[in-house]
Amino acid sequence: MAALSEIQALLGDPPFNWSDAAPWTEMEREFGIEFPADFREIMNAYGSIQINGQLYLKHPAGHLLHSLGDTIRGDLDLWREEDMAEFLPSPVGANPGELMPVASATTGEWVFLRVPDEPSSPWRVLVQELDSPAWTLHEMTFSEWLLAYLRGEDVTVCSRNFAPDRPFYEPLS
């Protein structure tokens with residue numbers, strides 16, 4: 001699993017540094033899922049941000065204008081619609097093998113965490129390209145996927161054209 005320190009080396013120091021578990025606990029209780037530790041660690045460090053003017057990541061803290069819980073609620077409704085569900089390899093939700101929407105990009109991609117089939121199995125990242133019926137399952141954790149994105153690797157969402165010199169982020173206001 002990629003370390004937060006590797007992400008910080010590319011993206012810069014995190015400004016958020018959230019330590020209260022309550023928003024995660026409430027959101028996880030609502031959705032019936034415990035999000036992977038690496039995802040929580042990254043979101044707690046950076047909060048709700050946009051990376052490279054392209055990728056939106058959100059934190060569940062309720063006081064934020066851009067809350068992960070609110071976003072997931074709306075995205076689950078969207079992806080459960082019959083005409084949208086056909087673009088995914090499995091249903092959205094919190095059951096094993098289902099997909100939990102956690103991020104989106106200005107370029108039309110949606111990022112999902114695939115719920116492991118077994119509790120001991122790792123979480124994986126699936127990216128759906130909204131402008132086509134294509135999706136890609138990346139056999140990597142969220143932190144590995146984000147690190148690859150920040151390095152400019154093609155992980156379905158590609159940052160090379162958005163951050164040719166160096167990755168950057170800005171807080172969502």
Side-chain angles (χ1 to χ4, degrees), residues 1-2 4 6-16 31 35-36 38-61 64-93 98-115 123-173:
M1 180 165 50
L4 179 60
E6 293 175 273
I7 291 168
Q8 288 174 324
L10 289 170
L11 197 54
D13 290 332
F16 199 61
F31 296 122
F35 287 87
D38 66 324
F39 179 73
R40 288 175 62 148
E41 181 182 38
I42 293 164
M43 300 319 307
N44 281 340
Y46 285 95
S48 294
I49 59 173
Q50 183 181 30
I51 300 176
N52 299 334
Q54 178 186 28
L55 181 65
Y56 290 99
L57 299 177
K58 298 175 183 175
H59 189 275
L64 298 173
L65 179 59
H66 300 277
S67 166
L68 180 61
D70 292 342
T71 300
I72 288 175
R73 237 175 265 110
D75 291 350
L76 286 172
D77 288 342
L78 172 73
W79 288 102
R80 285 180 175 141
E81 293 177 13
E82 188 176 331
D83 59 336
M84 294 302 286
E86 67 184 72
F87 293 108
L88 296 174
S90 58
V92 293
E98 292 185 337
L99 304 169
M100 184 61 67
V102 295
S104 63
T106 59
T107 46
E109 297 86 1
W110 292 72
V111 180
F112 298 83
L113 293 176
R114 184 182 181 280
V115 181
W123 289 75
R124 295 300 182 216
V125 175
L126 181 130
V127 180
Q128 200 286 332
E129 298 178 70
L130 198 55
D131 60 350
S132 72
W135 54 266
T136 305
L137 178 63
H138 297 276
E139 295 290 336
M140 50 182 64
T141 64
F142 182 79
S143 58
E144 291 167 339
W145 180 87
L146 182 60
L147 188 59
Y149 167 80
L150 293 173
R151 289 178 176 154
E153 297 171 26
D154 187 355
V155 286
T156 313
V157 180
C158 189
S159 67
R160 272 175 270 152
N161 296 337
F162 291 87
D165 298 325
R166 177 181 176 89
F168 61 93
Y169 71 91
E170 56 188 339
L172 294 175
S173 53

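The structure presented is a predicted model; accordingly, all values stated were derived computationally and were not measured. We use all heavy atoms of the structure for the numbers below, so side chains are in, but hydrogens, waters and symmetry mates are not. FYI, the numbering just counts along the sequence from 1.
- Between Phe112 and Trp79, the gap from one ring centroid to the other is short of 6.0 Å.
- Side-chain contact between Leu76 and Pro101: present, with at least one pair of heavy atoms (C-beta onward) separated by less than 4.5 Å.
- For Glu139, the salt bridge (Lys or Arg N to Asp or Glu O under 4.0 Å) partners are Arg124, not counting sequence neighbours.
- To the nearest 0.5 Å, the span separating NE2 on His59 from CG on Leu68 amounts to 8.5 Å.
- Side chains of Pro91 and Leu99 form no contact here, defined as non-hydrogen atoms less than 4.5 Å apart.
- A donor-acceptor contact shorter than 3.5 Å is absent between the side chain of Asn52 and the backbone of Ala163.
- Using a 4.5 Å heavy-atom cutoff, the side chains of Val155 and His138 are in contact.
- Within the 3.5 Å criterion, the main-chain N or O of Ser132 finds a donor-acceptor partner in the side chain of Gln128.
- For the pair Leu130 and Glu109, the minimum side-chain heavy-atom distance is 4.5 Å or more.
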For residues 164-171, tabulate all N or O donor-acceptor pairs below 3.5 Å that involve a side-chain atom, not counting sequence neighbours.
residue : atom : partner : partner atom : Å
Arg166  : NH2  : Ala9    : O            : 3.1
Arg166  : NH2  : Leu10   : O            : 3.3
Tyr169  : OH   : Asp13   : O            : 2.6

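- Atom OG of Ser143 is separated from atom CG of Leu150 by 11.0 Å, given to the nearest 0.5 angstrom.
- Within the 4.5 Å cutoff, the side chain of Pro89 has heavy atoms near those of the Leu126 side chain.
- Taking each heavy atom of Gly93 and Val115 in turn, the nearest pair found is O-CG2, 3.8 Å.
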Go through the steps to decide whether Met100 and Phe35 satisfy the test side chain to side chain contact (heavy atoms under 4.5 Å, CB included), and finish with yes or no.
CA-CA 9 Å; Met100 184 61 67; Phe35 287 87; 3.8 Å; yes
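- No donor-acceptor pair under 3.5 Å is formed between the side chain of Glu81 and the backbone N or O of Met84.
- Glu98 and Ser90 make their closest contact through CA-OG, 4.2 Å (heavy atoms, listed as atom of the first residue, atom of the second, distance).
- For the residue pair Pro60 and Ser67, the shortest heavy atom distance occurs at O-OG, 3.6 Å.
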Could you walk me through whether Trp110 and Val157 pass the side chain to side chain contact (heavy atoms under 4.5 Å, CB included) test, one step at a time?
CA-CA 9 Å; Trp110 292 72; Val157 180; over 6 Å; no
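- In this structure, Pro14 and Ala45 approach most closely via the heavy-atom pair CB-O, 3.0 Å.
- With values rounded to the nearest 0.5 angstrom, Ile51 atom CD1 is found 4.0 Å from Ile49 atom CD1.
- When side chains are defined from C-beta on, Leu55 does not count as touching Phe162, because their heavy atoms never get closer than 4.5 Å.
- Rounding to the nearest 0.5 Å places CG of Leu146 at 4.5 Å from CD1 of Ile7.
- The aromatic rings of Phe39 and Phe142 sit perpendicular to each other, their planes meeting at more than 60°, with 30° as the lower class boundary.
- Two residues are said to be in side-chain contact when any heavy atoms from C-beta on lie closer than 4.5 Å; Trp145 and Val111 meet this criterion.
- Looking at Gln8 and Tyr46, their side chains come closer than 4.5 Å, going by heavy atoms from C-beta outward.
- Note: Thr106 OG1 to Gln50 CD = 6.0 Å, rounded to the nearest 0.5 Å.
- In this structure, CD in Glu129 is found 6.0 Å from OG1 in Thr136, a value given to the nearest 0.5 Å.
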